[in-house]
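Note sheet for the following structure.
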Amino acid sequence: MKATAKEQMEQSESSHDEEDEGPTRAKRGKPEVVQNGLLRPVTLSRGDLYKPPTADELNQLKEAESLFHCSLLKMQMEELLKEVSLSERRKQLIDSFVQSVTEQLQTVPQTSDMELSDLSWLSGGVKVPFVLVPKAAKGKFHMAPPISVTIIGSYPLGTCTKPGISVDLAVAIPADVLHPKDALNQRYPRKRAIYLAGLAQHLAASPAIGAMRYSCLHGNRLRPILLLSPPGKDSSSFTLRLHACPPPGFFKPSRFHPQRNNIRTDWYTGLGSSQPATSEPPTPHYNSSVLGDMLPSAHLQFLTAVSSQCAAFAEGVALLKVWLRQRELDQGVGCFSGFLGSMLLAYLLSCHRVSNTMTAYQLLRNSLHFLAFNDLTENGITLAKGPDSTAPSLAEFHTAFQVVFVDPSGHLNMCADMTACTYKQVQHEASLSLQFWDDPTVDGFHALLMTPKPMIRTSDHVFQLCELVKLQCCCKKLNLLSELMDHSGNYVLTALPFILSLLQRGLGQRVRLLTHSLTPDPEWPVESDAPKHNTQPPLSFGLLLNPEQAASVLERGPPADSPKAEEFRQLWGSRSELRRFQDGDITEAVVWEGETTCQKRLVPRQLITHLLQLHADIPESCVRYIGGMLDDVIKVGREVCSTGEEESLKVVQSYDDLSRKLWTLEGLPLSITSVQGAHPALRYTQVFPPVPLKLDYSFFDREKLSRSLVPHEVKPCPVYITPIQVICHMEGSGKWPHDRVAIRHIKAAFHISLGELLTQHHHYTCQPSPTHLDVWKDGLVFRIQVAYHREPQVLRESVSPEGLLIVRDNAEAQALEMATMQRPLLTSTLHGLQQLHPCFGAVCRLAKRWLGAQLFSDDITEDTADLLVASLFLQPAPFTPPGSPQVGFLRFLHLLSSFDWRNNPLVVNLNSQLTAADYTEIKNDFIASRESLPVMFMATPNDKKVSIWTKQAPTVQMLQRVVMVAAESLKILEPQLMDTSQIQDVRVVMRPPLDPYDVLIHLSPKQVPLLSQAVDPPHATFSRGILAGRVANTGGALPVIDFNPVTHYLAELRDAFGDLALFFYDPYGGTVIAVLWKPKAFTPLPFKTSQMVARRVEVSGEEAHTVPNVEAILEDFRVMGQGLVKSVEPRTERWVV
Amino acid sequence: MAPSKTKHVNQACVIPGGFTVLSLQFSTDSVAQHKICVKEHRVRAEKTTQRPLDRTLFVLNIPPYCSEGVIKELFSQFGPVQSVELREKPGSFEHSGPKLAKYFTPAQKQGFRVGYIVFQKAISITAVKSHPHDVPLVVSTEQRPVWTGLQKWIHQYKQSFAQPDKLQEAVDTFMQDYDKRKEEEAERQKEQAEEQLEDEEGWVKVTRGKSGTKTRPHSEVSNQKALQKESRKRKRKELMNFYTWQHRNTQKEHIAELRKKFEEDKQRIALLRAQRKFRPY
């Protein structure tokens, strides 16, 4: 049955595939080995395997073994490079378009001289791509055809890659348009912009050109560029970028020394008070942007020379570009662009850190290695060999810029706009990547080159500065006039480095890395004015937290009398106060608010808003902090907001106490060998951990003999008390019988005597039963189960009629083994994981809350979900282990939606017990017997071949749905978190779509005991028999334990109609049960005594057929849930009775 | 009996296969009815006295809320009922092991069941089979309410309490019984062992081997273990990489290994390419 379903699925999938990718597949030819997209074990004949190798083959095999980890990586690299490189067709398209544009440009008409500020000659709605502030500008300008048009940049170098192909065209402005003194006071950049506008006006009339837009190079407003796309259907295949540049050698490079001034204060401010030129502040950024215009062709020549030496240069750059792109580092202001990548490789080649014969993969690895271990913010590097005497020294560059990488001419710092934080991010990514590449258990290729790392999924916390206009005040407050002048009025870029260093100082040890989004290049149509600086998307900052220190509420400063105290007070302002500590020191300190873990996690938020308000005049309303947005759905307490860490801790403490007491019990016939917890609450992953309760005895009925509380029929369902399973292993002994029924009786006897002893010594209320012993302690209920380690073995044994002892595995033994051995082991292992990663539990809770809300709780069980989350922490590549519940949850959704469950086992390396050899073994076993294994295969150190936790569920269909819903949720959630303009309601992903279901059973909220845990808790609450106040530790009547009418109802429904329908329910306070008929439920079956469940007979001639008796079934839904069911809503539009 | 397709008022509905269809509804105001099929129990192999062939009615499709008691009441209108047996699947009567206390009987699935109703008189069967199709049997009436839903679960919860002393008693009786059985078993084995001993004149009495002859049952696992141990021992004695041919073989194996890996990787790549997994965007 299962197998057939699977086959169907495969068929449907493959047919779907063909629809999608029909043409490409047909072109490439379907490989023979791969059938249905499933890996199969490779079988080679003996002859093939042992034939004498040729020298060529030997070399190839050896190379693959020694250079790469395996031949797989080599092939993967080749495939990737094929994917990103440009096709010949595309190249032809580009060449012909460039040709036609060049011809068009040569026909630009000459105009007469006019004032620079006079723009009346521009017609046709074309605007100048420049923010003309201040307005005044001297000088003359006229249009003239360019003296040369040349292709520069990555395209001629062969390092141009997909996607987002852009081809750069340098248009040299004739010398007579410019004046040698134009470098001063933005005259040259303005002329350049106006010249571009002139070109745009001329090209607008041409039919050979599609859409035209303005943009600026790496977000630098002084360097606008004109984007041209080809007309017709190729319009999106590539863009041509027109750069206007001065004729070669027009300006003297020494004019643009980083310490010289080229923008006069009096001109910029418009005030008359002229200062002597010597006291003017230097304008390094302005200088480098003008200088940058003069050098592209020289750079191209240099790189061409280098790449002709090294065969794999272009491929190496391409890989580096892919790597940068996945990390969102390759675009925007101050990015580590592909051009820098090529320059870096050139540098490495020139100083012989890499050799000319290396492969692309080795080039990539070595450049990452260089980046990881060299700090360009401290020790800049230069490509200049014997620069002329006018060139600035490295030290001079360092005083002007944060990151230094000097070009071959020796005058230009190519990293002028890069912030130190961005470089640190590059460094961090590089060292992380190396680490993963060296780890044989990680699929390095996939993690490093194929997985995108958007900021929201990478950083633990993210915050955004929303109203960027406010940064103007910030510049004023920080007194940044000269810097503002240098950045020609771009206050966002001016303030950014200062904000970053302020935050870095304030956050200190709390963060491992502070990153910020790179402002994307603005793009606007030629008919509109250049956008203002504040129209760009909000600035986002990412924090990679240091788990030990991030949540500390105390900021301990220097002693009051030390000289550093003043500095500390200055940083923290009024928040800093003198405090006396237990060790006797009196020091300056700042104390932040926060009682619970959930509040403490947001200490960085308090800190950041405080610092920004104090030093940069940025009000709290502008800071949008995205760190705990999802916490709401797992909040426990009403008064103090908490996400369950404290509650879990209380449970664990109470359990520890119980365990100690059990160990010390005397008077048992056999001694206890182990006490182990087997409940999610004991590994901190219970979605809503049990809270100690004080009961209102008058609310309940009493049982006659034991005086235990029982629910009252008329009143609302009493509060649900979770029994917390504890497994108590008894010592093995000859006294244990060797018979399954007898063992059960002995266990019952143990439950009784354990209960008696606990009551006698510790006065707990106990209730023994054949299967367990309930102990009412500290307002919690522990369910102790006695276990005997040989019992599963006994269950497996049977004696054949011939007297041979047969051992056969069976479901009963497996279930027992899981309950008494594997689950306690998992619990203690995950408990350990929680100690290492403080937010593990919270991520599990969020993940399980989501699974519950989307009605998947029965398919992805609690243990499975916990293991999935554990894998995120144990194998975080390409990320670092999640440091906040939010980022962990996002990665959980990503894992669910992107993992290839069909062809890969998910290995959860608990306690790092598995070696690389184990991984290979697991993979081989998996491929060898894929069909017979669970659809979702998870291997752990104790379970390499079976995947015990996912054996029962999910089925193929359900897994497919889970994957789909997870992808959908992620698609909604991530933009919502990052985009301020969207409606802010993260609960959207927790509300399941109910359209696909056939029948909805609405439950009466009064009888749903967990109602308050619902995603959208109702306003009406019911009294459920609990009182506020302190909880007694011992004694009291036994409460109503584990009584949830909905669970009973679901069990009955599944027992009765499990063959016909599936039942879905949110176990955390859902008030609706969704029913889905099985696809084949309604097909008539021939009459058979074994197939007559809830069916009616239809007679046609001599044959009798049966069909489900739907009316009666719907009636049964009502009857079986009397008192609980409010209404049954059949959605007959979806199916016909 | 000829199948009667026409459904007249007050007439039994009989379908091919010999089953009579009866209607059953939960209460008088229910809107829908379950169709239960009944037939006299007729199995050639039935040997037990629990289901006398002439007086037993075989019933299909009994809804989960009908317990033995309810069924007994329901069918009493056709004549006095002797016993009712409800099962998940039709099948022959089975004797379970030693009788267990109620605490230790495993919980049953609460789904639709089949039943064997034994009437005291054979005539009752005919009465049932001629019961009109459109007069439904009613499960829950005012005189005889049947609990479902919340009421039932609360009742179940109340019933689930085991009194420690009663439970202890049940355990004790079972264990005494168990010990006695064990002793008997041991006794029997001892006797059999004695039988095999030589008598004074040196004769051994050979009986037709039954299972009890061996004192300790052989197990599959121990057989396999012995074999494994043997092969491991042999392996330990072997010399590795000693002769030239052995060395050559290892090298050959290594290359074969690499080749195999290469093929596997090729396959993997082909698969990923087919899935377009190499596009980094």
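A note on names: the letters A, B, ... follow the listed sequences, proteins ahead of strands, and every chain is numbered from 1. These figures come from a predicted structure and were not determined experimentally.
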Return the [atom1] to [atom2] distance between [X] and [Y], rounded to the nearest 0.5 Å.
X: B:K166; Y: B:E169; atom1: NZ; atom2: CD; result: 8.0 Å
X: A:I752; Y: B:D165; atom1: CD1; atom2: CG; result: 8.5 Å
X: B:T250; Y: B:K252; atom1: OG1; atom2: NZ; result: 10.5 Å

Would you please test A:E1098 and A:R1096 for salt bridge (charged side-chain N to carboxylate O under 4.0 Å, His left out) and show each step?
-> CA-CA 7 Å; A:E1098 276 178 355; A:R1096 62 194 161 80; 3.5 Å; yes

Can you tell me which portion of [X] sits under 4.5 Å from chain B's heavy atoms? Options are side chain, backbone, both or neither.
X: A:K321; answer: neither
X: A:E1115; answer: side chain
X: A:V1125; answer: neither
X: A:V1093; answer: both
X: A:E713; answer: both
X: A:N1044; answer: neither
X: A:I1041; answer: both
X: A:R1095; answer: backbone
X: A:L773; answer: neither
X: A:D739; answer: both
X: A:V1119; answer: both
X: A:P770; answer: both

B:H155: what forms a ring-ring contact (aromatic ring centres under 6.0 Å, His included) with it, not counting sequence neighbours?
->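 Expected list: B:W147.
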
Going by heavy atoms in the side chains, are [X] and [Y] under 4.5 Å from each other?
X: B:L137; Y: B:I36; answer: yes
X: B:W153; Y: A:L1124; answer: yes
X: A:T1106; Y: A:K1088; answer: no
X: B:V70; Y: B:Y65; answer: no

Greatest number of heavy atom pairs closer than 4.5 Å to chain A - which of B:V31, B:V21, B:V146 =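 Heavy-atom pair counts peak at B:V31.
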
Most heavy-atom pairs under 4.5 angstrom with chain A, which of B:K152, B:K89, B:K182?
->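 Highest number of heavy-atom pairs under 4.5 Å: B:K152.
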
Contact winner vs chain B - [options], heavy-atom pairs under 4.5 Å:
options: A:H751, A:M450, A:E79; result: A:E79
options: A:L1053, A:L1038, A:V1040, A:D1042; result: A:V1040
options: A:P1045, A:C717, A:S1090, A:P768; result: A:P1045
options: A:E1052, A:E57, A:E797, A:E703; result: A:E1052
options: A:P452, A:C766, A:P737; result: A:P737

Side chain A:R702, main chain A:R707, donor-acceptor under 3.5 Å =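 Yes.
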
Do B:E264 and B:K266 meet the salt-bridge criterion of a basic N to acidic O distance under 4.0 Å?
->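 Looking at B:E264 together with B:K266, the answer is no, because their closest N to O distance does not fall below 4.0 Å.
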
In plain terms, say whether B:R188 and B:E185 are close enough for a salt bridge, that is, a side-chain N and a carboxylate O under 4.0 Å apart.
->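 B:E185 and B:R188: salt-bridged.
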
Would you mind checking which part of [X] comes under 4.5 Å of any heavy atom in chain A, side chain (CB onward), backbone (N, CA, C, O), both or neither?
X: B:Q33; value: backbone
X: B:Q156; value: side chain
X: B:P164; value: both
X: B:K158; value: both

Residue by residue, scan residues 23-30 of chain B and write down, ordered by number, those that have a heavy-atom distance under 4.5 Å to chain A; if none do, write 'none'.
->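 Residues of residues 23-30 of chain B touching chain A at under 4.5 Å: B:F26, B:S30.
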
Mind checking whether B:F174 and B:Y178 have parallel, tilted or perpendicular rings, split at 30° and 60°?
->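 The rings of B:F174 and B:Y178 lie parallel, inter-plane angle below 30°.
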
Between A:H1048 and A:F1043, what is the ring plane arrangement, given parallel below 30°, perpendicular above 60°, and tilted in between?
->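 A:H1048 and A:F1043: tilted rings.
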
Assess whether side chain to side chain contact (heavy atoms under 4.5 Å, CB included) is satisfied between B:F19 and B:V14, documenting all intermediate values.
-> CA-CA 6 Å; B:F19 280 92; B:V14 183; over 6 Å; no

Six-ring centre of B:F58, B:K39 cation under 6.0 angstrom, axis tolerance 45° |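 Not flagged: B:K39 not positioned over aromatic ring of B:F58.
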
Would you say the side-chain atoms of A:H745 and B:D172 include a donor-acceptor pair closer than 3.5 Å?
->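 There is no such pair (donor and acceptor under 3.5 Å, judged by atom type) between the side chains of A:H745 and B:D172.
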
